[in-house]
*Asks:* 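Supplied in structure tokens, the structure appears directly below.
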Amino acid sequence: MAVLDDELLEDAAFDAEVVCFVRQNLPDDVSERLSDEDLYYFHDLIEEYLADSSTLDIEPDEDGYVTIEVDAIVAYIIGKATAEKQGNFNEEDVAMVVEAELSYGDIFEDEDH
């Protein structure tokens, strides 16, 4: 059971790191409107969307990039949040969160160069 506990702790630490990164990369007014709970919820939905859609199955371009439709993720998050009665979120705020989260991996690419 210790392996599962370690994996859960690692997942929780990763989620916290992503949410912290997103919060730091949002404009102050957007950051003030969204709670940590909102950001964790969005993070879970972004991961869910990417896992359930064919987005990550698309062949990368010659530079190794895959086009991710931010608008589709935003619509997914807002639709789920409305259906699950989690709140009515501003599309622009959610788009900023999605873009910040998707840019999280860029910090590792920048370290390699």
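Count residues from 1 along the sequence.
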*Asks:* As a test of understanding, state which of L45, V97, I68 forms a side chain to side chain contact (heavy atoms under 4.5 Å, CB included) with I73.
*Replies:*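 For I73, the side chain to side chain contact (heavy atoms under 4.5 Å, CB included) test succeeds with only one of L45, V97, I68, which is I68.
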*Asks:* T82: which residues meet the side chain to side chain donor-acceptor pair (under 3.5 Å) condition with it, sequence neighbours left out?
*Replies:*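 Side chain to side chain donor-acceptor pair (under 3.5 Å) list for T82, sorted by chain: empty.
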*Asks:* Which distance, rounded to the nearest 0.5 Å, do you find between the CG of L39 and the CD of E101?
*Replies:*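 Atom-to-atom, L39:CG and E101:CD are 9.0 Å apart.
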*Asks:* Please determine whether the number of non-hydrogen atoms from other residues, nucleotides or ligands lying under 6.0 Å from atom CD of E47 exceeds 12.
*Replies:*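 Enclosed.
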*Asks:* For D15, enumerate each residue passing the side chain to side chain donor-acceptor pair (under 3.5 Å) test, keeping only those at least two apart in sequence or located in another chain.
*Replies:*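 With neighbours one apart ignored, the set is H43.
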*Asks:* Which residues satisfy the salt bridge (charged side-chain N to carboxylate O under 4.0 Å, His left out) test with D44, sequence neighbours excluded?
*Replies:*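 For D44, no residue satisfies salt bridge (charged side-chain N to carboxylate O under 4.0 Å, His left out) once neighbours in sequence are set aside.
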*Asks:* Please list, chain by chain and in numerical order, all residues satisfying ring pair (Phe, Tyr, Trp, His ring centres under 6.0 Å) with F14, sequence neighbours excluded.
*Replies:*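 In terms of ring pair (Phe, Tyr, Trp, His ring centres under 6.0 Å), with neighbours along the sequence ignored, F14 is linked to Y104.
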*Asks:* Any ring-ring contact (aromatic ring centres under 6.0 Å, His included) involving residues 77-101? Give me the pairs, sequence neighbours left out, ordered by first then second residue.
*Replies:*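 Listed by first then second residue: F42-F89.
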*Asks:* Could you check whether any side-chain heavy atom of R23 comes within less than 4.5 Å of a side-chain heavy atom of D36, counting everything from C-beta outward?
*Replies:*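 Yes, close enough: below the 4.5 Å cut-off.
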*Asks:* What's the spacing between E99 CD and L26 CG if we round to 0.5 Å?
*Replies:*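 Atom-to-atom, E99:CD and L26:CG are 10.5 Å apart.
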*Asks:* CG of N88: more than 12 outside heavy atoms within 6.0 angstrom?
*Replies:*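 No, CG of N88 has 12 or fewer neighbouring heavy atoms, counting only those of other groups under 6.0 Å.
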*Asks:* Sort and list the pairs that fulfil salt bridge (Lys or Arg N to Asp or Glu O under 4.0 Å) and have at least one residue in residues 68-87, not counting sequence neighbours.
*Replies:*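 Those involving residues 68-87 are E48-K80, K80-E84.
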*Asks:* Please report the closest heavy-atom contact between A72 and Y49, naming both atoms and the distance.
*Replies:*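 That would be CB-OH, 3.3 Å.
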*Asks:* Near D28 CG, under 6.0 Å, is it more than 12 heavy atoms from other residues, nucleotides or ligands?
*Replies:*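 No, the 6.0 Å shell around CG holds no more than 12 heavy atoms from other groups.
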*Asks:* So, for A100 and F21, which heavy atoms are closest and what is the spacing to 0.1 Å?
*Replies:*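 Closest heavy-atom pair between A100 and F21: O-CE2, 3.2 Å.
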*Asks:* Checking side-chain polar atoms at under 3.5 Å, does D38 have a donor or acceptor matched by the opposite partner on S35?
*Replies:*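 Judged by distance alone, the side chains do pair up.
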*Asks:* Looking at CG of L102 and CG of L50, how far apart are the two atoms once the value is rounded to the nearest 0.5 Å?
*Replies:*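 Nearest 0.5 Å value for the CG-CG distance: 6.5 Å.
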*Asks:* Partners of D29 by salt bridge (charged side-chain N to carboxylate O under 4.0 Å, His left out), sequence neighbours excluded?
*Replies:*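 Salt bridge (charged side-chain N to carboxylate O under 4.0 Å, His left out) check on D29 returns R33.
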